[in-house]
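Each ligand, and each atom within it, is numbered from 1 in the order the structure gives. The figures here come from the full heavy-atom set of this structure, side chains too, leaving out hydrogens, waters and symmetry mates.
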Amino acid sequence: MEDKIRVLLSEEEVDKRIEELGRQISRDYEGRSVHLICVLKGGVFFTCELAKRITVPVSLDFMSVSSYGADTKSSGVVKIVKDLDEPLEGKDVLIVEDIIDSGRTLSYLIEILHKRHPASISLCTLLDKPERRVADVKVDYVGFRIPDEFVVGYGLDYAQKYRNLPYIGVVEV
Ligand code: IMP
Ligand code: MG
């Protein structure tokens, strides 16, 4: 059966905001390069669109950590499924995430990446659900703060479905 999806943020709104973030990041990293770490799989659509809007030199790497099963609730378990290809030593790292929910995934990730001695680590997320925060994480760039609803699209999935939606929607149950 098809799920009913309500549009929360339209394709136009998302694209416009990513353009703004790209401009802001380009200003903040002026004179430097930025090493984007895309958190798979959810971060991939956002990372690509964001990278295209950044005007300082960009390098890219990918990492996959899991904190969720097919369920919509956090299991609290975080593990590295795929590690980065490149060392981080001396790099200005910008982690790019789809969404920060409890914050557990990111606080764990930041902790392990710090041990690899980057010059700096910042965090950029397309969506933030501040009400749900359990772990304390400092987010440098936020696309949109959203209410506590389960969202899909633009990389975000519900049991691996809907990642390809060009907008952010809520699955109606
Ligand atoms: P956290 O560790 O609780 O912050 O979980 C973050 C991860 O959970 C995200 O990177 C997503 O993969 C997933 N997640 C959290 N909220 C949602 C949602 O509303 N829709 C889809 N995935 C979500
Ligand atoms: Mg994610």
Side-chain angles (χ1 to χ4, degrees), residues 1-11 13-15 17-18 21 25 34-51 60-85 88 93-116 121-173:
M1 205 189 74
E2 289 277 297
D3 299 299
K4 201 168 173 298
I5 296 170
R6 166 169 54 85
V7 177
L8 183 68
L9 297 162
S10 71
E11 184 171 3
E13 287 174 279
V14 176
D15 289 351
R17 185 68 187 123
I18 295 176
L21 287 173
I25 291 164
V34 62
H35 188 63
L36 301 184
I37 293 182
C38 169
V39 185
L40 296 170
K41 303 169 191 164
V44 76
F45 291 76
F46 177 41
T47 303
C48 294
E49 293 309 311
L50 184 66
L60 273 176
D61 206 345
F62 299 86
M63 190 163 193
S64 181
V65 291
S66 76
S67 62
Y68 280 71
D71 207 343
T72 59
K73 287 205 308 287
S74 176
S75 63
V77 180
V78 179
K79 69 167 199 275
I80 296 184
V81 179
K82 184 221 171 287
D83 206 343
L84 297 169
D85 293 335
L88 297 184
V93 167
L94 180 61
I95 302 173
V96 185
E97 254 287 26
D98 50 0
I99 190 164
I100 304 180
D101 187 28
S102 73
R104 282 196 190 98
T105 312
L106 262 304
S107 72
Y108 170 79
L109 203 58
I110 289 167
E111 195 186 310
I112 57 165
L113 297 185
H114 260 302
K115 294 181 185 149
R116 301 183 188 185
I121 297 190
S122 296
L123 181 57
C124 177
T125 185
L126 179 59
L127 305 173
D128 184 14
K129 283 188 205 170
E131 288 166 50
R132 302 254 309 166
R133 202 60 41 81
V134 176
D136 189 30
V137 279
K138 182 181 153 281
V139 194
D140 303 275
Y141 305 96
V142 177
F144 301 92
R145 291 200 168 78
I146 60 164
D148 181 13
E149 287 187 292
F150 195 82
V151 290
V152 294
Y154 232 96
L156 291 144
D157 73 303
Y158 173 59
Q160 299 304 323
K161 285 193 296 185
Y162 307 122
R163 290 192 195 276
N164 60 316
L165 295 180
Y167 56 88
I168 303 289
V170 177
V171 183
E172 307 265 37
V173 281

*Asks:* Decide if atom CZ of Arg145 counts as having more than 12 heavy atoms of other residues, nucleotides or ligands within a radius under 6.0 Å.
*Replies:*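 Result for CZ/Arg145: open.
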*Asks:* Please identify which atoms of ligand 1 are closer than 4.0 Å to at least one heavy atom of Thr105.
*Replies:*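 Atoms satisfying the 4.0 Å criterion: 1 (P), 2 (O), 5 (O), 6 (C).
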*Asks:* So, are Lys161 and Asp3 salt-bridged, with charged N and O less than 4.0 Å apart?
*Replies:*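 Looking at Lys161 and Asp3, the cut-off is met.
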*Asks:* Would Gly103 count as being in polar contact with ligand 1, using the rule that some N or O on each side must be under 3.5 angstrom apart?
*Replies:*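 It does: an N or O of Gly103 is found under 3.5 Å from an N or O of ligand 1.
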*Asks:* For Ser102, take its heavy atoms, then give the atoms of ligand 1 lying under 4.0 Å from any of them.
*Replies:*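 Answer, ordered by atom number: 1 (P), 2 (O), 3 (O), 4 (O).
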*Asks:* Among Val65, Leu40, Asp101, Val39, whose heavy atom sits nearest atom 15 (C) of ligand 1?
*Replies:*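 Looking at heavy atoms only, Asp101 sits closest to atom 15 (C) of ligand 1.
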*Asks:* Taking only heavy atoms of Glu97 into account, list the atoms of ligand 1 that are under 4.0 Å away from them.
*Replies:*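 The atoms of ligand 1 under 4.0 Å from a heavy atom of Glu97 are 10 (O).
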*Asks:* Between Arg163 and Asp98, is the closest basic N to carboxylate O distance under 4.0 Å?
*Replies:*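 Looking at Asp98 and Arg163, the cut-off is not met.
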*Asks:* Using a strict 4.0 Å cut-off to heavy atoms of Lys129, name the atoms of ligand 1 that fall inside it.
*Replies:*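 Checking each atom against Lys129, I get 16 (N), 17 (C), 18 (C), 19 (O).
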*Asks:* Does any N or O atom in Leu106 lie less than 3.5 angstrom from one in ligand 1, N or O only?
*Replies:*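 No.
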*Asks:* Going by the closest heavy atom to atom 20 (N) of ligand 1, which one wins out of Val151, Val137, Leu156, Leu127?
*Replies:*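 It is Val151 that holds the nearest heavy atom.
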*Asks:* Taking side chain as C-beta onward, heavy atoms only, is Met63 less than 4.5 Å from Asp83?
*Replies:*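 They are in contact (side-chain heavy atoms under 4.5 Å apart), so the answer is yes.
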*Asks:* Judged by modelled atom types alone, do Tyr154 and Asp15 share a side-chain donor-acceptor pair under 3.5 Å?
*Replies:*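 Yes - a donor-acceptor pair under 3.5 Å links their side chains.
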*Asks:* Report, in ascending order of atom number, the atoms of ligand 1 lying under 4.0 Å from any heavy atom of Asp157.
*Replies:*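 What qualifies from ligand 1 is 21 (C).
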*Asks:* Between Lys138 and Asp140, does at least one N-O distance fall below 4.0 Å, as a salt bridge requires?
*Replies:*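 Looking at Asp140 together with Lys138, the answer is yes, because their closest N to O distance falls below 4.0 Å.
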*Asks:* Could you tell me whether ligand 1 has any atom less than 4.0 Å away from a heavy atom of Val152?
*Replies:*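 No, Val152 has no heavy atoms under 4.0 Å from ligand 1.
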*Asks:* Go through the steps to decide whether Glu149 and Arg6 satisfy the test salt bridge (charged side-chain N to carboxylate O under 4.0 Å, His left out), and finish with yes or no.
*Replies:* CA-CA 11 Å; Glu149 287 187 292; Arg6 166 169 54 85; 2.8 Å; yes
*Asks:* List every atom of ligand 1 that sits less than 4.0 Å from any heavy atom of Glu149, numbering the atoms from 1 in the order shown and giving each element.
*Replies:*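 The atoms of ligand 1 under 4.0 Å from a heavy atom of Glu149 are 19 (O).
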*Asks:* Please give me the minimum heavy-atom distance between Phe62 and Val44, naming the atom from each residue.
*Replies:*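 Phe62 and Val44 have their closest heavy atoms at CE2-CG2, 4.5 Å.
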